[in-house]
2 protein chains.
Amino acid sequence: MASLQSPPPFPLVLKLESITDLSPEERQALLGLPLRVQEFRADQDVVREGDRPIQCCLILEGFACRYKLTEKGKRQIFAFHTPGDIPDLQSLHLKTMDHSLGTLTPCKIAFIQHEHLRELFRQHPRLAEVFWRDTLIDAAIFREWMLGIGRRSARTRLAHLLCELFMRLKVIGLAGSNSIPLPLSQAEMGDALGLSTVHINRTLQELRGEDLVAWDGGILTILNWEGLMQAGEFDTTYLHLQDCAAA
Amino acid sequence: MASLQSPPPFPLVLKLESITDLSPEERQALLGLPLRVQEFRADQDVVREGDRPIQCCLILEGFACRYKLTEKGKRQIFAFHTPGDIPDLQSLHLKTMDHSLGTLTPCKIAFIQHEHLRELFRQHPRLAEVFWRDTLIDAAIFREWMLGIGRRSARTRLAHLLCELFMRLKVIGLAGSNSIPLPLSQAEMGDALGLSTVHINRTLQELRGEDLVAWDGGILTILNWEGLMQAGEFDTTYLHLQDCAAA
DNA sequence: CGCCTATTTGATCTGATTCAAACAATGTGG
DNA sequence: CCACATTGTTTGAATCAGATCAAATAGGCG
C-alpha cells in the first residue's frame, strides 16, 4: 500500500530540529519554501569561489563539501555536508563566495532564492535566529577542525572526524545503530584533515587494527565507540545539539 | 585645548563600518548601548570554555584571542581580536562556550547584556543582519586559517597572518601607513599557526632576511607589501570588506 | 642588580610527505 | 564475457619540514 505511507521527511526540518525546536507554523513555513531541484553527478562544483549567488543550496540527498585550493593546487576541505544542510547560507549576507561547494557523491540539491529566504525571515523572525545559529555551529565545527589540524596527531584527527560524522548523521536519521555511510575516498579525508592520502591509509589501518572501526564498501562500522571517542578526544559540546533551550 | 577635541571614535562603529554602511540612526543606537567597562591585565581569561554567558564582550582597547586546549595541553588560537570586535557574539545563540576568550595585552573590555542586544535588534532589524554578517566573516577567516594550517608552508602561513593583521588594523584606523602594533609573542603566533615557537622564530628571521618586514619593540613594519602578499598568497576577498553593497 | 620572560641558536629526532609501484575494484565498450 | 581503462587502496623506501630538547643570549623592570 505505497499510497498510504507518510511523505518522506523534509531533510531541512530534520536538520534544524537537531539543533533547535520548531513551532508547527515554522515547520509549515519551511515546507512551503519554493524550491528548484537539480541533480548533480559526483565531483561537480555547485557554487564556485568568486561567484555571487542569488540563491542558496539545500542538500536533499548525497554528500557535498566546501573547499578551497592553494596557489600550488593543494586542496583543503572545510566541511562535509549532508542532507538538510544549506552549505552556502552565508551567501545571503556575503555577496562574493570565498570558497567553492562541490559534490562528493551524486546529489539532489534544491535551490532557494535569497528573496524567498528573506521573506521567510520577515514572516518568521525567529527562523532567522535559527539559521544564524546554524551558521554559528558551522563556525564552531571549523574551530574544532582547526584545533585538530593545528595541534592534534593524525590518529586523533581521523578518529575525531569519524566520531563527528557518526554523530551528525545520527541526529538526521542517516545512521544505523553503529554504522554510517561513509562515501569518501581516502584522498578526500586527507584533504579535510590536512594529511596526505598515504598517511590517511596508514592511520586508518591503525584504527582498524585496534578494532575501533571497520570500513567496507563505503560503510563505516563503529566497533568501539568509547575507544574511538577517546582516541579522537571527542566531546560533542562544539556541535551544540539542541542545547538552545535546555541544559 | 583638550576640551575642544571630538569624542574618541567608538571602536564598534568603526569596525562595523569597515564591513558595511550604517545609517545615522543605527550609529546612534549603537552608541546608546548600555556598557559595563572593565579593565583586564594581559594573559587573563575573559570568558572560559563551558561558561554560559548572559552578556557579550566588546573590545575597546588591546588585543585578545580565542583559543582552545588539547587534552595534552597544546593550545590552538582561532582568532586574534582587536578594538571594535565582539569575539563572543555567538553566545547570543549558542548557550555554552565551546572555547575560551583571553587577553593578550592589557585590555579595556565592555560588557553588553544579551538582553540589550536583542532589544537593539528588535528596534533595528538590519543591525541583526550586520552582526550576523560579522559572524560570517569571522567564519570566513577561520576557513582561511584552516587552509593555511592544513595546506600551506610555515613561511606562507606567517606571511599571510602578517598581511591579515595589517589589513584588519588598517580598516579600523590602528595602522600606520606601513606599520602596525604587533604585541604578540612568537609563542602566541605559533599557537595561532599551528607551529612551534622555535620554528616561528626561524621563519620570522627568513621574512626579515628577505626585507619583507621588520619587527622591533612590538611594532611590525611592512618593508615590501607586494612581496609579503605574494609570500603569503594573500587575497583580501575572504575579509569581505565593504563588499556588501558595492562591487 | 637580579629576576623573569622572550628571543635566538644549535643539534637531533620524527611524523608525515613524497615518489614509485603493485594491487584491487569497478566500470566500459567491443 | 573478457580485455582494458580508470580510479582507489595498499605497500615500501627515501626524504623533509617542522618538532623537540637544551642551552645561550637579550630585554624589560621592580
Side-chain angles (χ1 to χ4, degrees), chain A residues 41-44 63 65 70 72-77 102-106 148-161 181-209 213-220 231, chain B residues 41-44 63 70 72-77 102-106 148-162 181-209 213-220 231:
Chain A
R41 274 176 285 114
D43 296 310
Q44 290 206 284
F63 278 62
C65 72
T70 269
K72 283 128 201 151
K74 296 193 172 192
R75 178 169 74 159
Q76 177 67 45
I77 291 178
T103 60
L104 293 164
T105 66
I149 299 172
R151 291 306 191 201
R152 298 206 250 238
S153 70
R155 190 186 117 100
T156 308
R157 260 184 271 183
L158 182 54
H160 191 281
L161 175 64
L182 190 70
L184 306 174
S185 71
Q186 297 182 359
E188 286 156 350
M189 293 187 220
D191 284 345
L193 298 177
L195 295 167
S196 69
T197 307
V198 172
H199 204 61
I200 288 285
N201 184 280
R202 294 188 168 124
T203 310
L204 202 44
Q205 285 182 55
E206 205 180 308
L207 296 182
R208 285 185 289 190
V213 298
W215 189 44
D216 192 41
I219 302 289
L220 179 84
Chain B
R41 275 175 286 114
D43 296 310
Q44 291 206 284
F63 277 63
T70 267
K72 283 127 201 151
K74 296 193 171 192
R75 178 168 74 159
Q76 177 66 46
I77 291 177
T103 60
L104 293 164
T105 67
I149 299 172
R151 292 306 191 201
R152 298 207 251 238
S153 69
R155 190 187 117 100
T156 308
R157 260 183 269 183
L158 182 55
H160 192 281
L161 175 65
L162 299 180
L182 190 70
L184 305 176
S185 71
Q186 297 182 359
E188 286 156 351
M189 293 187 219
D191 284 345
L193 298 177
L195 295 167
S196 70
T197 309
V198 172
H199 203 61
I200 288 285
N201 184 280
R202 295 199 234 260
T203 309
L204 202 43
Q205 285 181 53
E206 205 180 308
L207 296 182
R208 286 186 287 190
V213 297
W215 190 43
D216 191 42
I219 302 291
L220 179 84

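Order of the sequence lines fixes the chain letters, A, B, ..., with proteins taken first and strands second; residue numbering starts at 1 for each chain.
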Protein-proximity profile, nucleotides 16-30 of chain D, B/S/- by nucleotide at the 4.0 Å heavy-atom cutoff, equals --BSBB---------

- Message: Could you tell me if the side chain of A:Thr203 sits less than 4.5 Å from the side chain of A:Met189, heavy atoms only?
- Response: no

- Query: Side chains of A:Gln76 and B:Ile149: closer than 4.5 Å at any heavy-atom pair?
  - Reply: no

Does a side-chain N or O of A:Asn201 approach OP1 or OP2 of D:dT10 to a distance below 4.0 Å, or not? yes

Would a distance-only check, ignoring hydrogens and angles, find a side-chain to backbone donor-acceptor pair under 3.5 Å from [X] to [Y]?
{"X": "A:Arg151", "Y": "B:Leu195", "result": "yes"}
{"X": "B:Thr197", "Y": "B:Gln186", "result": "no"}
{"X": "B:Arg152", "Y": "B:Arg157", "result": "no"}
{"X": "B:Thr103", "Y": "B:Asp43", "result": "yes"}

Can you tell me how far [atom2] of [Y] sits from [atom1] of [X], rounded to the nearest 0.5 angstrom?
{"X": "A:Ser185", "Y": "A:Ile200", "atom1": "OG", "atom2": "CD1", "result": "9.5 Å"}
{"X": "A:Leu182", "Y": "A:Leu161", "atom1": "CG", "atom2": "CG", "result": "7.5 Å"}
{"X": "B:Leu162", "Y": "B:Leu204", "atom1": "CG", "atom2": "CG", "result": "7.0 Å"}
{"X": "B:Leu104", "Y": "B:Ile77", "atom1": "CG", "atom2": "CD1", "result": "6.0 Å"}

Residue set satisfying side-chain hydrogen bond (donor to acceptor under 3.5 Å, both in side chains) with B:Ser196, at least two apart, ordered chain then number -> none

Contacts of A:Gln44 meeting side-chain hydrogen bond (donor to acceptor under 3.5 Å, both in side chains) (sequence neighbours excluded), chain-then-number -> none

In short, the helix from C:dC1-D:dG30 to C:dA22-D:dT9 is bent end to end, axes from five pairs each side, to 10°, by 40°

Its 5'-most and 3'-most nucleotides having an atom under 4.0 Å from a non-hydrogen atom of chain B, DNA chain C is contacted over C:dT7 to C:dA11

Expected list for residues 184-192 of chain A near DNA chain C, using heavy atoms below 4.0 Å, is none

